[in-house]
Amino acid sequence: MSVVKRPSAKSKWYIPGILTGLGITIKHMLFNLAHRKDIYTIEYPEERYPYSERFKGNHILTVKKDGSLRCTACMLCATYCPAECISIVAAEHDDPSVEKYPISYEIDILRCVFCGFCEEACPVDAIRMGPEHQTAAIVGDNFVYDINRLAYRPGLKGGVLSKVDDEERHKKGL
């Protein structure tokens, strides 16, 4: 049998709750002022927090050895994305061995939840979550990343090569 207790008259007042919260805050402030050398601080622009190798940051579109995009515009990443932030426009390729390729690949980073589902869904290792985490802009339109920002930005130094080899895939029938 459960017992339901009625709230006391003291719990209906908001002033004791506010004073309790202020007391805790002042206690922490005085403790931190007394122990300033024990506080872990990073001088941000000069020092950076070291993230692990498993960190999932901004997206990267990988490239082949010849510098073209690895993406085959299969739309699996856009379909699998829970935030629906990926949009792809596909076109037929001039090369008969390549079925199609993306002429437009955009990711709205403000909508992205950085879950990594797009990376898992991609059958050809075309999209990865990179180590970059600091993105700053003034206008929201600067957060819609296109092919140039995803694959050929200066920080990538010409693009990230995919680990999947085309010749091995064709030999295996993939």
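Counting from 1, the numbers follow the sequence of the chain as shown.
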| message | In this structure, would Ile26 and Leu33 fall into the same cluster of hydrophobic residues linked by side-chain contacts under 4.5 Å? | response | yes
| request: Could you note down all residue pairs passing side-chain hydrogen bond (donor to acceptor under 3.5 Å, both in side chains) where residues 27-46 supplies at least one of them, sequence neighbours left out? | output: Tyr44-Gln134
| Test item: Arg111 side-chain N/O and Ala83 main-chain N/O as donor-acceptor pair under 3.5 Å | yes
| task | For Ser104, enumerate each residue passing the side-chain contact (heavy atoms from CB on, under 4.5 Å) test, keeping only those at least two apart in sequence or located in another chain. | result | Val89, Glu106
| query | Taking the side chain from Thr20 and the backbone from Pro16, do they hold a donor-acceptor pair closer than 3.5 Å? | reply | yes
| Test of ring centre spacing under 6.0 Å for Tyr145 and Phe143 | no
| With sequence neighbours excluded, what pairs up with Lys56 under the salt bridge (charged side-chain N to carboxylate O under 4.0 Å, His left out) test? | Glu119
| request: Would you give the length of the straight line joining atom OH of Tyr152 to atom CG of Asp146, rounded to the nearest 0.5 angstrom? | output: 11.5 Å
| field | Of all pairs that satisfy ring pair (Phe, Tyr, Trp, His ring centres under 6.0 Å), the ones with a partner from residues 66-89, not counting sequence neighbours | value | Tyr80-Phe117
| said: Test of understanding: with side-chain contact (heavy atoms from CB on, under 4.5 Å), list the residues that count as partners of Cys118, not counting sequence neighbours. | reply: His59, Cys77, Ile86, Ile127, Met129
| request: Assign the ring pair Tyr51 / Phe55 to parallel, tilted or perpendicular, where the plane angle (0 to 90°) is split at 30° and 60°. | output: tilted
| query | Side chains of Ile60 and Arg153: does their closest heavy-atom pair fall under 4.5 Å? | reply | yes
| Between Thr72 and Tyr101, is there a donor-acceptor pair closer than 3.5 Å when you use the side chain of the first and the backbone of the second? | no
| query | Taking the side chain from Lys100 and the backbone from Ala73, do they hold a donor-acceptor pair closer than 3.5 Å? | reply | yes
| query | How many angstroms lie between CD1 in Ile88 and CG in Leu76, if you round to the nearest 0.5 Å? | reply | 9.0 Å
| salt bridge (charged side-chain N to carboxylate O under 4.0 Å, His left out) partners of Glu99, counting only residues at least two apart | none
| said: When you compare the side chain of Val144 with that of Ile109, does any pair of heavy atoms fall below 4.5 Å? | reply: no
| query | Would you call Ile147 and Leu150 a side-chain contact if the rule is heavy atoms closer than 4.5 Å? | reply | no
| field | Lys64 versus Leu69, closest heavy-atom pair with distance | value | CE-O, 3.5 Å
| note | To the nearest 0.5 Å, atom CG of Leu61 lies from atom CZ of Arg149 at 11.5 Å
| note | Rounded to the nearest 0.5 Å, the CD atom of Glu84 sits from the OG1 atom of Thr79 at a distance of 9.5 Å
| task | Report, as yes or no, whether the 6.0 Å neighbourhood of atom CD on Glu120 holds more than 12 heavy atoms from other residues, nucleotides or ligands. | result | yes
| said: If I compare all heavy atoms of His93 with all of Asp95, which pair ends up nearest, and what's the gap? | reply: ND1-N, 3.0 Å
| note | All heavy atoms of Arg48 vs all of Ile42, minimum pair found to be N-CG2, 4.3 Å
